[in-house]
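Keep in mind the model is a prediction, meaning the values are calculated, not measured. Letters A, B, ... mirror the listed sequences (proteins, then strands); counts begin at 1.
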Number of protein chains: 2
Amino acid sequence: MENVRELFHTMTKRLGLLDRNCCTVGGVELSLVQSHILYEIDRMNEPSMQQVADALAIDITTFSRQIQTLVKMNLVKKTPYSQDRRVYILSLTPEGKYVTAKIDAEVNEYLGEVFSHMSEFERETVLRSIQLLNECMAKSTVCCKPLF
Amino acid sequence: MENVRELFHTMTKRLGLLDRNCCTVGGVELSLVQSHILYEIDRMNEPSMQQVADALAIDITTFSRQIQTLVKMNLVKKTPYSQDRRVYILSLTPEGKYVTAKIDAEVNEYLGEVFSHMSEFERETVLRSIQLLNECMAKSTVCCKPLF
DNA sequence: CCCTTTATTTGCAAAATGCAAGTATTTGTT
DNA sequence: AACAAATACTTGCATTTTGCAAATAAAGGG
């Protein structure tokens, strides 16, 4: 119980690897950041650039360039927003949707395998724990408080 | 229960931020990767370069250069290994130990705050869950299997 | 109609990355 | 003992990523 940091270090290390290893889909090569961006765009409702960048706590200039890349790769579409012409609305192209779904499937396959080493009860406990942890991290005032 | 990917996405996002925000100690600026390296060196027992690079799944050439930087910053010491002169043993300098301890304290402070939103029972459940999750990820054959 | 704020992009320079190739040393084979 | 193969680590690129400062463009508020 005392070695909380150790626990988190191991977990983040592994989860980092998880992301790092799940980013080649079909012919498309994606970086970790790019897969996070696709996921967020898919998840959010007609988000602007700024909103997605904020959600991921990525510097807006870096984000702008990442989006340019993803647009060139034909995975993301930028649509001018009629109500405010400074703003672009982001969405996934059909190919972007396909790639995102593929990554999702891969990650889920991996998670499924991980959870296959647990009993039904353990699985539920672990998932509820993560849920609770996320909620408490969201409440935290120490760091990175906004993030939805 | 169904939205497992979502749960993990949120968690990794937050934990990534955690790391990203905890890397300026005293006068010293550390990147996320560098703080991971310091932590591993501290944790492992007289590790070689290769061993630490493997533990973190960092490319050995990138790692080599990161170590050069950390040596210049006077945080890490490279000691030739007498039994095998190809090998260098890594250790933290006193300053490296200090910085690592500081980061540890900061992370623990953050985690303490996060856990303060839970009951004693919840806290224990969550920590045990993470422990179990780490074990099951270690068992997984899908990806990144070695990593201790 | 200015002044401030907000959304996004570009210039630049620094840092990180990884492959290919290099050096040095050890180990295994005959 | 000699030599080929394997291992630990470093260096040379060339590419990518990053973020601060500054620019552009549009919106909003007196």
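Whole-Å rounding puts the B:Q51 CD to D:dC9 C1' distance at 14 Å. At whole-Å resolution of the value, CE in A:M49 and P in D:dA25 are 16 Å apart. The nearest whole Å value for the distance from the CD atom in A:Q50 to the C1' atom in D:dA25 is 15 Å. Nucleotide D:dC9 holds its C1' atom 13 Å from the CD1 atom of B:I89, rounded to whole Å. We find that CZ of A:R86 is positioned 9 Å from P of C:dT8, with the value rounded to whole Å.
Residues B:K13 and A:E40 are paired through a salt bridge, judged by an N-O separation under 4.0 Å between the basic side chain and the carboxylate. The pair B:E6-A:R43 counts as a salt bridge, with a side-chain nitrogen and a carboxylate oxygen less than 4.0 angstrom apart.
With contacts defined as side-chain heavy-atom distances shorter than 4.5 Å, the pair A:Q51/A:L90 does not qualify.
Heavy atoms of A:F63 sit nowhere under 4.0 angstrom from any nucleic acid atom.
A donor-acceptor contact under 3.5 Å is formed by the side chain of B:R65 with the base of C:dG18. Looking at B:S48, its side chain has no donor and acceptor atom pair within 3.5 Å of the base of D:dC9.
Considering CD1 of B:I103 and CG of B:L30, their distance stands at 5.0 Å, rounded to 0.5 Å.
In terms of position on DNA chain C, the residue among A:D84 and A:T61 whose nearest nucleotide sits closer to the 5' end is A:D84. Projected onto DNA chain D by closest heavy-atom contact, A:T62 and A:S82 fall at different nucleotides, the more 5' of which corresponds to A:T62.
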